[in-house]
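Scroll down for the structure; my scribbles are underneath it.
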Amino acid sequence: MGPHPAVAAIRLAVRRVLHDILTEHRRTAAVPSHERPPSPLVLVACSGGADSMALASALAFEAPKLGIRAGGVTVDHGLQAESDARAAEVVQRLRELGLDPVVSTAVTVGREGGPEAAARDARYAALDAAAERHGAHAVLLGHTRDDQAETVLLGLARGSGIRSLSGMAAVSGAGGRYRRPFLGLDRQTARKACMVQSLPVWDDPHNADPAYTRSRLRHEGLPALEKALGKGVVEALARTAQLSRDDADALDVWAGQAEASVRDATGRLECAKLYTLPPAVRRRVLRRAAIEAGAPAGSLFARHIEEVDRLITGWRGQGAINLPGKVVAQRQGGRLVIRQG
């Protein structure tokens, strides 16, 4: 008898990602063609919750069959009592699965951007550091289709444009470091896989705390949508994410190609040429220019770009536009100047 369907589903999802990682590693490993490249290391980011424990279990099962080294990392955000003890428990569970190396990293969560964004920034910084320290080829994340649906709705509520509606990418980060095998699986599949394997899981109370936007969306918003629109909302939102990502990627390529054509010989942006671009392409050019000038991408919202865009499309002699990162955008003699103020 084969494994339970939920276990089979998560293992298949992980196996596919590991095959991709192994192919990439063999292609890029700097060793002579007659030598076998060293085994890549793949880490799983694990909080101890059902999603990441199911992912860790599948990685531990599949990686050895492909000759891939498998390790784990847990991040202690220090936001709850005895969080260090819980992190130690997660480390022990990962080691019992056979993962090695397994590390726990404590972080200090700031306040910039709100508690959820600050915790996320601290977590990814810790994961990046762990991956670099151990020379990991990739870090697996346990985000599910439900997480994807929530991300799409949050982007829609912020009015952040098609890139936010594209949700989380299956591959992201510098050099494609982060991989999300479970974006096609629902949360219940991961939980069921843990249950049938008798894997202990920890349910983070923050995930049920109405003080957090994502928690309210998870426990109130999505259920209300499903009640009003019927089942299938999560799947539809996940499809929206993929379609939006395809469109956003195409527009990004277009903007990259168009950027050179709207600059003068000194590299400054020409307003008249910018005006002729389709709005979606023009705004991407403006966003890229603002980021190159020093505006933090995570703090640069659609409303900022719309204000800059009005210097092109609704010029009435208005003054400079202040952007995050102390960047200033202003129109001077038919040119758009974006620089540190």
Side-chain angles (χ1 to χ4, degrees), residues 5-21 44-47 49-56 58-59 116-117 120 123-124 138-173 176-194 201 203-204 207-208 212-252 280 298 302:
V7 176
I10 66 168
R11 288 178 179 176
L12 176 59
V14 169
R15 190 183 316 138
R16 287 171 172 165
V17 170
L18 293 182
H19 271 293
D20 291 342
I21 290 171
V44 58
C46 187
S47 66
D51 301 341
S52 58
M53 282 302 299
L55 181 58
L59 176 64
E116 291 167 285
R120 182 177 62 250
R123 179 167 59 255
Y124 277 100
V139 178
L140 305 189
L141 304 175
H143 298 121
T144 65
R145 186 168 60 194
D146 300 80
D147 296 310
Q148 185 75 298
E150 293 162 7
T151 301
V152 171
L153 284 176
L154 288 170
L156 182 63
R158 287 194 296 265
S160 301
I162 195 171
R163 180 53 74 184
S164 281
L165 295 185
S166 66
M168 296 174 286
V171 179
S172 66
R177 169 174 289 159
Y178 294 109
R179 312 295 173 105
R180 298 177 174 87
F182 289 176
L183 288 182
L185 301 176
D186 61 34
R187 193 172 286 142
Q188 282 304 113
T189 297
R191 185 167 290 276
K192 184 70 172 178
C194 289
V201 299
D203 291 314
D204 187 346
N207 290 335
Y212 295 95
T213 304
R214 187 177 284 269
S215 175
R216 294 195 301 273
L217 180 59
R218 179 173 302 176
H219 297 287
E220 301 172 23
L222 269 173
L225 278 175
E226 289 196 333
K227 183 178 180 180
L229 302 176
K231 295 292 183 179
V233 169
V234 168
E235 292 85 346
L237 289 168
R239 284 197 303 274
T240 296
Q242 186 56 59
L243 292 170
S244 298
R245 180 166 297 280
D246 292 342
D247 289 349
D249 288 346
L251 287 168
D252 284 347

Output the distance between atom [atom1] ([X]) and atom [atom2] ([Y]), rounded to the nearest 0.5 Å.
X    : Y    : atom1 : atom2 : answer
D147 : L185 : CG    : CG    : 11.5 Å
E150 : H143 : CD    : NE2   : 10.0 Å
L140 : S52  : CG    : OG    : 11.5 Å
D246 : L251 : CG    : CG    : 11.0 Å
L55  : S47  : CG    : OG    : 10.5 Å

D186 and V234, any side-chain heavy atoms less than 4.5 Å apart: no
Side-chain heavy-atom pair L153, L225 within 4.5 angstrom cut-off: yes
Trace of the side-chain contact (heavy atoms from CB on, under 4.5 Å) decision for R245 with R163: CA-CA 7 Å; R245 180 166 297 280; R163 180 53 74 184; 3.5 Å; yes
Does the distance from a Lys or Arg side-chain N to an Asp or Glu carboxylate O, for [X] and [Y], drop under 4.0 Å?
X    : Y    : answer
R15  : D20  : no
R191 : D203 : yes
D146 : R218 : no

[X] versus [Y], closest heavy-atom pair with distance:
X    : Y    : answer
G142 : D51  : O-CB, 3.3 Å
T151 : R214 : OG1-NH2, 3.1 Å
T144 : L183 : O-CD2, 3.9 Å
G167 : A241 : N-CB, 4.4 Å
M168 : Q148 : N-OE1, 2.6 Å
L217 : P223 : O-CD, 4.0 Å

Intermediate values then yes/no, side-chain contact (heavy atoms from CB on, under 4.5 Å), V171 and V17: CA-CA 10 Å; V171 179; V17 170; over 6 Å; no
Check against side-chain contact (heavy atoms from CB on, under 4.5 Å), Q242 and R239: CA-CA 5 Å; Q242 186 56 59; R239 284 197 303 274; 5.9 Å; no
Test log, rule side-chain contact (heavy atoms from CB on, under 4.5 Å), inputs L141 and Y124: CA-CA 11 Å; L141 304 175; Y124 277 100; 3.5 Å; yes
S172 and R180: side chain donor to acceptor below 3.5 Å: yes
